[in-house]
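Here's the structure, in structure tokens; my notes come after.
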Amino acid sequence: LQITGLIFGGVGMVGTLAATAMPQWRVSAYVDGNIVVFERIWEGLWMDCISQLGIRLQCKFYDSVLALPPPLEAFRALMCLATGLSVLAFLAAIAGVKCTQRGREGARAVSIFLLAAGVAFLLTGALVLIPVSWTGAGIVRDFYEPEVPAPLKRELGAALYVGWGSAALLLAAGAIYC
């Protein structure tokens, strides 16, 4: 179980880092006869990108942190916090597994490391789930809103799916260690 938790936590940690860095949180949608297929727009936490014909990719980082909408600032903070916490949880899990294998430390030291890793993985999973689910709900709400013009409608991007998958793995790792 410890090795399984370590694998789940490690993959969840990498997924959290990937979801934080990926620009595909919101992807342009083609609805209502909008068939401009040579250009695809990606919106992420750190930058916007435009892919033209799948060949040329132009990305631009956001100019000012102060000009960002408050939810985006909060999502950035939560994902950065989740990334750091997932690294700490993974290191605590490694320490707990090593203590178990060596057998030099007492059972209490092993259980403290593993419990700390479990709680940290659970907290990290919740921290990842909040911005990813909130963004997904906003995309779905705006997609079905008739007042939003068709060119401004977005679809769920790959980063959201990576975020949901990594949150599930982190929560599973936390449950295993707790």
Quiz item: Less than 4.5 Å apart, any side-chain heavy atom of M13 and any of V87?
Solution: yes
Quiz item: W25 side chain to A19 main-chain N or O, any donor-acceptor pair under 3.5 Å?
Solution: yes
Self-check item: Test item: Y177 side-chain N/O and L6 main-chain N/O as donor-acceptor pair under 3.5 Å
Solution: yes
Quiz item: Is any side-chain heavy atom of D48 closer than 4.5 Å to a side-chain heavy atom of E43?
Solution: yes
Quiz item: Between the side chain of K153 and the main-chain N/O of F143, is any donor-acceptor distance below 3.5 Å?
Solution: yes
Practice problem: Determine the minimum heavy-atom distance between L169 and V11, stating which atoms define it. | Solution: CD1-CG1, 3.4 Å
Exercise. Please assess L156 against Y161 for the test side chain to side chain contact (heavy atoms under 4.5 Å, CB included), listing each intermediate value before the final yes or no.
Key: CA-CA 8 Å; L156 302 173; Y161 295 109; 3.5 Å; yes
Quiz item: When rounded to the nearest 0.5 angstrom, what is the spacing between CG in L81 and OG1 in T16?
Solution: 11.0 Å
Quiz item: Can you hop from L170 to I94 via hydrophobic side chains spaced under 4.5 Å?
Solution: yes
Quiz item: Is any side-chain heavy atom of W46 closer than 4.5 Å to a side-chain heavy atom of T20?
Solution: yes
Quiz item: Measuring from M79:CE to M22:CE, what's the distance to the nearest 0.5 Å?
Solution: 10.5 Å
Practice problem: Report yes if some heavy atom in the side chain of L57 is under 4.5 Å from a heavy atom in the side chain of I50; otherwise report no. | Solution: no
Quiz prompt | Taking every non-hydrogen atom, the tightest pair across P23 and M47 | solution = CB-CG, 4.0 Å
Quiz item: Rounded to the nearest 0.5 Å, how far does CG of L78 lie from CH2 of W134?
Solution: 9.5 Å
Exercise. Could you check I139 against L160 for side chain to side chain contact (heavy atoms under 4.5 Å, CB included), going step by step and ending with a plain yes or no?
Key: CA-CA 11 Å; I139 291 170; L160 297 180; 3.8 Å; yes
Practice problem: Evaluate the side chain to side chain contact (heavy atoms under 4.5 Å, CB included) criterion for residues V97 and I3: first the C-alpha distance (whole Å), next the side-chain angles of each, then the deciding distance (0.1 Å), finally the verdict. | Solution: CA-CA 8 Å; V97 170; I3 298 300; 4.0 Å; yes
Quiz prompt | Closest non-hydrogen atom pair between L129 and A167, with its separation | solution = CD1-CB, 3.9 Å
Quiz item: Going by atom types only, do W164 and S133 share a side-chain donor-acceptor pair under 3.5 Å?
Solution: yes
Practice problem: Please answer: with hydrophobic residues joined when any side-chain heavy atoms are less than 4.5 Å apart, are V119 and L88 in the same cluster? | Solution: no
Practice problem: Would you give the length of the straight line joining atom OG of S28 to atom CZ of R154, rounded to the nearest 0.5 angstrom? | Solution: 6.0 Å
Quiz item: V132 and G163: which non-hydrogen atoms are nearest, and at how many Å?
Solution: CG2-CA, 4.0 Å
Quiz item: Distance from Q52 atom CD to Q58 atom CD, nearest 0.5 Å?
Solution: 5.5 Å
Exercise. Rounded to the nearest 0.5 Å, what's the gap from SG on C178 to CZ on F121? Could you check?
Key: 10.5 Å
Quiz item: Is there a donor-acceptor pair closer than 3.5 Å between any side-chain N or O of R76 and the backbone N or O of L45?
Solution: yes
Quiz prompt | V128 versus S166, closest heavy-atom pair with distance | solution = CG1-OG, 4.0 Å
Quiz item: Closest heavy-atom contact between F75 and T135?
Solution: CE1-OG1, 3.3 Å
Practice problem: With side chain to side chain contact (heavy atoms under 4.5 Å, CB included) as the test, would you mind laying out the steps for L114 and Q2 before giving the verdict? | Solution: CA-CA 9 Å; L114 294 179; Q2 289 177 3; 3.1 Å; yes
Quiz item: Would you say the side chain of I41 lies within less than 4.5 Å of the side chain of V27, judging by non-hydrogen atoms?
Solution: no
